[in-house]
There are 2 protein chains.
Amino acid sequence: MAKGKRAAAMAENRAKLIRAAREAFATQGYADASMDELTAAVGLTRGALYHNFEDKKGLLWAVVEQIDGEMAERLRIVREQAPSPWLGLLAEGSAYIKMALDPEIQRIMLLDGPAVLGDPSKWPGENACLDITMRTIRALIEEGIVKPVDVEAAGRLLNGAALSAALWVAAADDPKSVLSKAVDAFRALASGLLREAREPA
Amino acid sequence: MAKGKRAAAMAENRAKLIRAAREAFATQGYADASMDELTAAVGLTRGALYHNFEDKKGLLWAVVEQIDGEMAERLRIVREQAPSPWLGLLAEGSAYIKMALDPEIQRIMLLDGPAVLGDPSKWPGENACLDITMRTIRALIEEGIVKPVDVEAAGRLLNGAALSAALWVAAADDPKSVLSKAVDAFRALASGLLREAREPA
DNA sequence: CCTCTTGACATACGCCTCGTATGTGAATGA
DNA sequence: TCATTCACATACGAGGCGTATGTCAAGAGG
């Protein structure tokens, strides 16, 4: 056999490059990350890069896709573990805020990603995180818990609020206390979507 | 006289460079904007740039500062013209969303700015827009209209929601209809800050 | 009126980075 | 065994940034 020897090696090198890129993009930022250093760090050259990916931007695409998938998976778990859909929505918000504390996610997904690749709403995988939030909101509307607002609009604004909160917390001198304030404010805003003034369980 | 001849000329060149930079950064993006082309467009060279500003990033700082001031001024006017503080807050949100439809503001202030200069919350001038929103919220809390939430948290999340809405609207194929959905959702979220379920005039 | 200094800007240079074109050796298939 | 492919390395060219150096007009002083 040994039929897939070439392909296996290639997949491994792709993975190595993506790993190195996550590291480099997260610590130095996209613009300041040198492809020479990045590839050399895993024992390759730029030749491997331009063979496996379209260009530097293509590598960023691959990194973004990978991280987006990981974030979506974590959010999915959070929602499934919540005792009710409404609390699931709030838990998603908190989880999103906390995830954005990760410098890697912050730098790559929230700062450089949009600047280099354009608005996240147009990303393939269609921003899996947003998708999950929208699904949750849709379910809550069908249950009559949430006002019949536009699902995509509500999802996007909630995500935007969470994102802003995350950046704030991350840049704060005292992340702990700021985090609780941010989560409280998020809950307050989210309650504006409720049909009844009283929050459900 | 003619004492300030040198200084006046320098100020004028500074202004010309900033104007050219706004144009170039907005249309090509920060990374793809060539300082050679940019300066040549106003009849200067890179020499003038590095004499008037620290470096390329310094020029972006100057541009951001200018635009931030203009945005704050427009928001201030919107708030003053509103018939009530609460409606002022909503009007500010709408105005912010609409402002972000301007490609210049979008690209420079919302995409490249944060990516290159770091989180906006740490910008000098301290993001005048946020400041205005916070002032409005503080007033509403003192009047008992809004829940006693953390002012900065509420302001940041509201701004984040508006920003997210703006990017969504800007990237939409049908901005008109999306804009109304976004504004509706913003009003819904904002109402979550109210002490009473019923919205005030 | 002449000289000297200052400073705003232009010019010239080196270094780095990206993207592509070309080379190469190992894995495949016959 | 030989030819082919292909994953990757090497070599090359273009362009951009930042700095060091040059230059010439505007002011200061006698």
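Naming: A, B, ... by sequence-line order, numbering from 1 per chain.
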OP1 or OP2 of C/dA8 versus the side-chain N and O atoms of B/N13: is any pair under 4.0 Å?
no
What nitrogen or oxygen pairs link the protein and nucleotides 17-23 of chain C at under 3.5 Å?
from   : atom 1 : to    : atom 2 : distance (Å)
C/dC18 : OP1    : A/A33 : O      : 3.1
C/dC18 : OP1    : A/M35 : N      : 3.3
C/dC18 : OP1    : A/K56 : NZ     : 3.2
C/dC18 : OP2    : A/M35 : N      : 3.2
C/dG19 : OP2    : A/Y50 : OH     : 2.4
C/dG19 : OP2    : A/K56 : N      : 3.4
C/dG19 : N7     : A/R46 : NH2    : 2.7
C/dG19 : O6     : A/R46 : NH2    : 2.2

Find the distance B/E12:CD to C/dC9:C1' and express it as a whole number of Å.
15 Å
A side-chain contact here means heavy atoms from C-beta on lying under 4.5 Å apart; do B/E54 and B/W61 qualify?
no
Sub-3.5 Å donor-acceptor pair from the side chain of A/K56 to the main-chain atoms of A/Y30, do we have one?
yes
Among C/dA8, D/dA9, C/dT11, the one nearest B/T45 by side-chain distance
C/dT11
Any residue meeting side-chain hydrogen bond (donor to acceptor under 3.5 Å, both in side chains) with A/E104, in chain and number order, not counting sequence neighbours
A/R22
Rounding to an integer number of Å, can you tell me how far A/M10 CE sits from D/dA9 P?
12 Å
OP1 or OP2 of D/dC8 under 4.0 Å from side-chain N/O of A/H51
no
Do A/E92 and A/Y96 make a side-chain contact, defined as non-hydrogen atoms from C-beta onward lying under 4.5 Å apart?
no
Rounded to the nearest Å, what distance is computed from the CG atom of residue A/L44 to the C1' atom of nucleotide D/dA9?
10 Å
Whole-Å distance between C/dA8 C1' and B/K16 NZ?
13 Å
Quick check on C/dC9: is either OP1 or OP2 less than 4.0 Å from any side-chain nitrogen or oxygen of B/N52?
yes
Between P of D/dT10 and CG of A/L49, the distance in whole Å
15 Å
Residues forming a side-chain hydrogen bond (donor to acceptor under 3.5 Å, both in side chains) with B/E73, sequence neighbours excluded
B/R76
Donor + acceptor pair across side chains of A/E143, A/W86 (<3.5 Å):
no
